[in-house]
There are 2 protein chains.
Amino acid sequence: MDREAFLLDNQLCFRLYTASRLLTQAYHPLLSAHGLTYPQYLVLLVLWEKDAQPVNDIARRLYLETNTVTPLLQRMEKEGILSRKRGREDARQMIVSLTKKGKQLQEQLSEVPHAVGCTVLCDSITPETVPGLNRMLDDMIAHLQTKPDAHEL
Amino acid sequence: MDREAFLLDNQLCFRLYTASRLLTQAYHPLLSAHGLTYPQYLVLLVLWEKDAQPVNDIARRLYLETNTVTPLLQRMEKEGILSRKRGREDARQMIVSLTKKGKQLQEQLSEVPHAVGCTVLCDSITPETVPGLNRMLDDMIAHLQTKPDAHEL
DNA sequence: GTTTTTTATATCGTTCACGATGCAAAGATA
DNA sequence: TATCTTTGCATCGTGAACGATATAAAAAAC
């Protein structure tokens with residue numbers, strides 16, 4: 001058995017997992033001031049780009065399952081950030097639209113992207129290296145998404 | 001307001017968040033076959049490197065809070081993977097040790113690192129690019145860890 | 001040696017994340 | 001038209017994550 005392979009320091013996934021959690025924590029004070037969580041912020045990003053989308057489209061855009069997104073949207077509806085209405089053409093669809101409050105949040109959070117951008121900057125994360133890092137992660141995401149099954153043991 | 005900054009495609013954090021989730025999903029079939037979750041696998045990686053550690057050390061190694069790790073360890077104890085005993089020197093500490101079953105899991109999971117390693121390989125993730133990616137993520141983690149507070153709005 | 005503070009862990013409540021399952025509307029097929 | 005299948009969303013149960021709080025032991029201060 002290759003004990004090297006089990007070293008935590010050799011685990012790419014652990015780094016991604018940790019970096020993701022810590023960066024989400026960096027968002028926390030900025031978002032919680034407005035009663036938002038990070039996944040809720042992601043939903044807002046999707047809806048700010050294009051309002052009035054069915055649950056399915058939002059979930060696909062975030063690579064999440066609808067059973068994750070539905071309760072999230074229900075909480076946001078209770079907060080008055082968005083509204084959910086059955087589609088007129090297709091009554092199975094639940095069309096999610098921003099309320100006035102949801103739209104106003106974009107202005108109130110206008111400093112967030114820049115603030116977080118500054119927070120991550122360090123020796124190897126710079127405006128020059130981010131595009132390359134983005135490309136690698138996009139490649140990885142596309143690859144993992146098409147292969148939901150890992151290799152069999 | 002800079003609408004560009006709000007585009008989902010410009011969000012590094014979203015990529016990390018997604019890549020982390022999808023890669024964890026890739027581990028799922030390999031681990032669930034042995035009744036493990038990914039965070040539980042991380043605990044095992046820590047204990048396989050060094051057995052009999054207090055909760056605090058395990059949590060710090062994983063950059064997690066103890067109130068996340070404690071219930072995780074309790075579930076693993078119930079599964080018979082590890083045991084938890086009060087420290088003799090310091091009775092506040094809870095020393096976590098692998099059981100025979102916990103040690104045997106390392107052999108049973110010996111193919112996991114290689115299998116997952118193969119799964120992530122793609123155009124921009126190769127044996128050559130991984131060290132560089134690791135370095136960037138390590139840098140980012142170290143940086144975020146020392147700065148728990150994001151910039152004020 | 002008693003009080004105070006710190007440290008190590010645990011408990012509680014809320015919010016994801018997701019597999020499994022349920023249900024009703026839409027579409028396909030007979 | 002009646003039946004079958006698919007699709008879109010919801011519900012349920014389990015396991016993280018984490019802020020807030022609690023508790024007991026150890027260490028420090030008095």
Side-chain angles (χ1 to χ4, degrees), chain A residues 13-14 17-29 31-33 35-43 53-60 62-79 81 84-96 145 148-149, chain B residues 13-14 17-29 31-33 35-43 53-60 62-79 81 84-96 145 148-149:
Chain A
C13 185
F14 173 58
Y17 163 81
T18 302
S20 168
R21 280 191 311 102
L22 294 182
L23 192 41
T24 300
Q25 286 175 31
Y27 274 95
H28 188 262
L31 297 179
S32 67
L36 291 173
T37 64
Y38 182 69
Q40 290 175 6
Y41 175 68
L42 291 180
V43 168
Q53 296 192 54
V55 173
N56 213 352
D57 290 17
I58 298 172
R60 260 211 317 278
L62 298 177
Y63 302 93
L64 289 169
E65 303 297 321
T66 61
N67 57 356
T68 297
V69 174
T70 291
L72 212 158
L73 295 173
Q74 288 170 341
R75 283 186 286 270
M76 293 175 80
E77 184 180 35
K78 209 184 298 181
E79 298 293 324
I81 296 168
R84 305 183 316 130
K85 294 195 183 72
R86 288 271 164 212
R88 280 192 311 284
E89 287 186 13
D90 188 336
R92 291 171 303 178
Q93 289 187 335
M94 197 63 124
I95 306 294
V96 180
Q145 221 238 332
D149 324 297
Chain B
C13 185
F14 173 59
Y17 164 81
T18 302
S20 169
R21 282 191 309 101
L22 294 182
L23 192 41
T24 300
Q25 285 176 30
Y27 274 94
H28 188 262
L31 298 178
S32 68
L36 291 172
T37 65
Y38 182 69
Q40 291 175 5
Y41 176 67
L42 291 180
V43 168
Q53 296 192 55
V55 174
N56 213 353
D57 291 16
I58 298 171
R60 262 213 315 280
L62 298 177
Y63 303 94
L64 289 169
E65 303 297 320
T66 63
N67 57 357
T68 297
V69 174
T70 290
L72 213 156
L73 294 173
Q74 289 170 341
R75 282 186 286 268
M76 292 175 80
E77 184 180 35
K78 209 183 298 179
E79 297 293 324
I81 297 168
R84 305 183 316 130
K85 294 194 183 69
R86 289 268 164 213
R88 281 190 310 284
E89 288 185 12
D90 189 337
R92 291 172 303 180
Q93 289 188 335
M94 197 63 124
I95 307 294
V96 180
Q145 221 238 332
D149 324 296

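To find a chain, count down the sequence lines: A is the first, B the second, and so on, and within it residues start at 1.
- Rounded to whole Å, atom P of C:dA8 lies 14 Å from atom CD of B:Gln53.
- When rounded to the nearest whole Å, the span between CD of B:Gln74 and P of C:dC12 equals 11 Å.
- Overall, the helix from C:dG1-D:dC30 to C:dA30-D:dT1 carries an axis bend of 10° between its ends, with five pairs at each end and the value rounded to 10°.
- For A:Glu77, the salt bridge (charged side-chain N to carboxylate O under 4.0 Å, His left out) partners are A:Arg84, not counting sequence neighbours.
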### Task
Take nucleotides 14-22 of chain C nucleotide by nucleotide from the 5' end and write B, S or -, depending on whether a protein heavy atom sits under 4.0 Å from the base, only from the sugar-phosphate, or from neither.
-SSBBBB--
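- Heavy atoms only, all atoms of each residue included: B:Pro29 and B:Ala26 are closest at CD-O, 3.5 Å.
- Read 5' to 3', the first and last nucleotides of DNA chain D with an atom closer than 4.0 Å to a heavy atom of chain B are D:dG15 to D:dA26.
- Applying the side-chain hydrogen bond (donor to acceptor under 3.5 Å, both in side chains) test to pairs two or more places apart or on separate chains, none has a residue in residues 62-75 of chain A.
- Formation of a donor-acceptor pair under 3.5 Å by the A:Arg86 side chain with backbone atoms of A:Arg92 is found in this model.
- Looking at heavy-atom distances under 4.0 Å, A:Arg84 makes contact with sugar-phosphate atoms alone, never a base.
- Contact annotation: the side chain of B:Leu36 approaches that of B:Ile81 to within less than 4.5 Å [non-hydrogen atoms, C-beta and beyond].
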Side-chain polar contacts of residues 53-60 of chain B - donor-acceptor pairs under 3.5 angstrom, sequence neighbours left out - could you list them?
residue : atom : partner : partner atom : Å
B:Gln53 : NE2  : B:Val46 : O            : 3.4
B:Gln53 : NE2  : B:Lys50 : O            : 2.9

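- Residues satisfying the side chain to side chain contact (heavy atoms under 4.5 Å, CB included) criterion with A:Ser20, sequence neighbours excluded, are A:Thr24, B:Leu16, B:Tyr17, B:Ser20.
- Interatomic distance, B:Phe14 CZ to A:Leu42 CG, rounded to the nearest 0.5 Å: 6.0 Å.
- At distances below 3.5 Å, not a single donor-acceptor pair connects side-chain atoms of A:Tyr27 with backbone N or O atoms of A:Ser32.
- The stretch residues 87-94 of chain B touches DNA chain D through B:Glu89, B:Asp90, B:Ala91, B:Arg92, each having a heavy atom under 4.0 angstrom from the strand.
- Contact annotation: the side chain of B:Leu64 approaches that of A:Arg21 to within less than 4.5 Å [non-hydrogen atoms, C-beta and beyond].
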